[in-house]
Amino acid sequence: QERLVESGGGLVQPGGSLRLSCAASGFNFNREGISWYRQAPGKGREFVAHVARGTTANYADSVKDRFTISRDNAKRTVYLHMSSLRSEDTAIYYCTAPHRNLWGSGTQVTVST
């Protein structure tokens, strides 16, 4: 069964950091690009970052220079390193394998004092 499982969310103060993980199973992970999206309360789902099959990455302007996406093919895991977090980064974060139309169930990130 194809699956993506996110973890690592939580409550963090403004200016803090978190690392999210997306663990894949059931498909050939090494051949797939993986993206992170997020959905804030009352808003639509928006693109955050993407890492291709190699290491090529691209980011939404709102997170560029603060977030870093990476992958470990041996562990079948994609990471999202988030720093300088702001209240507007509060959202449920989802990982997806876009070419497979496969989504995880999300992990909550709350940035608040």
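- Side-chain contact between Arg66 and Asp89: present, with at least one pair of heavy atoms (C-beta onward) separated by less than 4.5 Å.
- Under the 4.5 Å side-chain contact rule for hydrophobic residues, Ile34 and Tyr37 do not share a cluster.
- With rounding to the nearest 0.5 Å, the separation of CE in Met82 from CZ in Arg19 is 11.5 Å.
- With hydrogens and angles ignored, the 3.5 Å screen pairs a side-chain donor or acceptor of Arg76 with a backbone N or O of Ala24.
- Side chains of Thr77 and Tyr79 form a contact here, defined as non-hydrogen atoms less than 4.5 Å apart.
- Going from atom CG of Asn73 over to atom CZ of Arg31 covers 12.0 Å, rounded to the nearest 0.5 Å.
- Taking hydrophobic clusters as Ile, Leu, Val, Met, Phe, Trp and Tyr residues chained together by side-chain heavy-atom distances below 4.5 Å, Leu20 does not share a cluster with Tyr94.
- Using a 4.5 Å heavy-atom threshold, the side chains of Tyr93 and Glu6 count as separate.
- To the nearest 0.5 Å, the span separating CZ on Arg38 from CZ on Arg45 amounts to 13.5 Å.
- With contacts defined as side-chain heavy-atom distances shorter than 4.5 Å, the pair Arg100/Leu4 does not qualify.
- Residues Ile92 and Phe47 are members of one and the same hydrophobic cluster, defined by side-chain heavy-atom contacts under 4.5 angstrom among Ile, Leu, Val, Met, Phe, Trp and Tyr.
- Cluster membership check: Leu85 shares its hydrophobic cluster with Val63, using side-chain heavy-atom separations under 4.5 Å among Ile, Leu, Val, Met, Phe, Trp and Tyr.
- Using a 4.5 Å heavy-atom cutoff, the side chains of Ser112 and Leu11 are in contact.
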Could you give me the CA-CA distance, side-chain angles and deciding distance for Trp36 and Phe67, then say whether ring pair (Phe, Tyr, Trp, His ring centres under 6.0 Å) is met?
CA-CA 11 Å; Trp36 285 95; Phe67 290 12; 9.9 Å; no
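- With rounding to the nearest 0.5 Å, the separation of OG1 in Thr90 from CD in Gln108 is 7.5 Å.
- Ile69 and Trp103 are assigned to two separate hydrophobic clusters, defined by single-linkage of ILVMFWY side chains at heavy-atom distances under 4.5 Å.
- Contact annotation: the side chain of Val111 never approaches that of Glu88 to less than 4.5 Å [non-hydrogen atoms, C-beta and beyond].
- Under a cut-off of 6.0 angstrom, the local environment of CG in Asn28 is crowded, with over 12 non-hydrogen atoms contributed by other residues, nucleotides or ligands.
- For the atom pair Ser35 OG and Leu80 CG, the distance stands at 11.0 Å (nearest 0.5 Å).
- Minimum heavy-atom separation, Glu2 to Phe27: OE2-CB, 3.9 Å.
- Looking at Thr113 and Pro14, their side chains come closer than 4.5 Å, going by heavy atoms from C-beta outward.
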